Enquirer: 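My structure is below; once you've seen it, I'll send some questions.
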Number of protein chains: 2
Amino acid sequence: MKEKQALDMLGALSQETRIRIVRYLVGCGEQGAAAGDVGKQVGATSSRASFHLSTLEQAGVISSERQSRKIIYRANFDRLGGLISFLLDDCCGSHPDIRACCLGQKACC
Amino acid sequence: MKEKQALDMLGALSQETRIRIVRYLVGCGEQGAAAGDVGKQVGATSSRASFHLSTLEQAGVISSERQSRKIIYRANFDRLGGLISFLLDDCCGSHPDIRACCLGQKACC
DNA sequence: TCAACATTTCAAGAGATATTGAGATATGAA
DNA sequence: TTCATATCTCAATATCTCTTGAAATGTTGA
């Protein structure tokens with residue numbers, strides 16, 4: 001993953017409403033969830049949910065597909081994995097402490 | 001790691017100058033680097049480097065220690081590992097695709 | 001003490017981001 | 001076609017973020 005892409009994803013994830021959306025959509029798996037459902041889950045008005053969903057989509061964190069009158073959003077699992085790889089390898093140079101810590105081989109904060 | 005802490009770290013990392021600082025400081029290891037060095041490495045004026053260093057420190061990504069007239073910054077390896085754990089486990093619910101992808105067991109973006 | 005060095009702090013301005021409510025668009029059903 | 005549903009877009013506002021250059025702080029050595 002390129003730095004620019006990673007920065008966009010990090011920016012998109014650094015917001016309370018949006019990280020909740022991602023957490024919910026990851027939980028929904030391949031099935032995804034409609035914009036309205038997502039909004040209800042995270043306690044956002046329709047326009048606010050729409051704004052954050054499109055921010056996440058632009059950053060590549062999630063993607064959407066219209067299903068009749070609903071729009072279904074899904075987490076982009078590959079991209080999320082790619083971001084974590086970026087942090088682990090490119091940004092953190094595969095530092096052994098970080099890798100150990102994040103793989104549960106070492107206690108951390 | 002708590003959500004608030006993770007959001008702060010994600011926000012801090014989602015900026016070009018700052019991610020370069022982190023990459024450089026991770027490379028410096030336990031030894032760390034002085035603010036001036038960091039600024040030169042990332043091509044920032046002293047005040048700009050100072051601003052970004054303090055943003056990163058406030059978010060817990062790095063920490064500082066004065067050594068005579070220099071101030072030495074170091075990456076917080078535990079916190080970085082904690083953030084990656086947060087993304088992997090809490091936020092992404094240990095989803096198998098994401099985990100496989102970020103551990104190099106599966107190709108991704 | 002004084003000069004230099006290393007870094008931070010401050011104020012101002014430009015630009016990005018988040019929230020709100022109203023209105024527009026698109027789809028499906030009666 | 002008309003209505004209800006689902007979602008998005010828009011404009012206004014408030015707030016945060018980044019950059020810059022100047023000035024202040026703290027430290028060391030002559």
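All figures in this text were calculated on a predicted structure; none of them were measured in a lab. Below, chain A is the first sequence line, B the second, and so on; all start at residue 1.
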Enquirer: Counting side-chain heavy atoms from CB outward, which of D/dC18, D/dT7, D/dT19 is closest to B/R18?
Expert: D/dC18
Enquirer: Please confirm whether the backbone N or O of B/G81 pairs with a side-chain atom of B/S85, one donor and one acceptor, at under 3.5 Å?
Expert: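 The answer is yes, because a donor-acceptor pair under 3.5 Å joins these two groups.
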Enquirer: Is A/L53 linked to A/I72 within one hydrophobic cluster, defined over Ile, Leu, Val, Met, Phe, Trp and Tyr using a side-chain heavy-atom separation of less than 4.5 Å?
Expert: no
Enquirer: Report the distance from atom CD of B/E16 to atom P of C/dG15, rounded to the nearest whole Å.
Expert: 18 Å
Enquirer: If you measure from the Lys or Arg side-chain nitrogens to the Asp or Glu carboxylate oxygens, is any gap between B/E3 and A/R23 under 4.0 Å?
Expert: yes
Enquirer: Please examine the side chains of B/I19 and A/F86, heavy atoms only from C-beta on, and report whether any two atoms are closer than 4.5 Å.
Expert: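 With C-beta onward as the side chain, the pair touches.
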Enquirer: Okay, side chain of B/R20, backbone of B/V42: is any donor-acceptor separation there less than 3.5 Å?
Expert: no
Enquirer: Using a strict heavy-atom distance below 4.0 Å, which residues from residues 43-58 of chain A are in contact with DNA chain D?
Expert: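 A/S46, A/S47, A/S50 - these, ordered by number, are the residues of the stretch whose heavy atoms sit under 4.0 Å from the strand.
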Enquirer: Would you jot down, in residue-number order, the residues of residues 62-76 of chain B having a non-hydrogen atom under 4.0 Å from DNA chain C?
Expert: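 Under 4.0 Å from DNA chain C: B/R69, B/K70, B/I71, B/Y73.
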Enquirer: Starting at CD1 of A/I84, measure out to CG of B/L83 and round the result to the nearest 0.5 Å.
Expert: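 Result: 9.0 Å between the selected atoms.
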Enquirer: Given atom CG of B/D37 and atom P of C/dC5, what is their separation to the nearest angstrom?
Expert: 16 Å
Enquirer: Step by step, would you call A/I21 with A/H52 a side chain to side chain contact (heavy atoms under 4.5 Å, CB included)?
Expert: CA-CA 8 Å; A/I21 290 176; A/H52 288 302; 3.9 Å; yes
Enquirer: Give a yes or no answer on whether the side chain of B/T55 reaches the backbone of B/F51 with a donor-acceptor pair at less than 3.5 Å.
Expert: yes
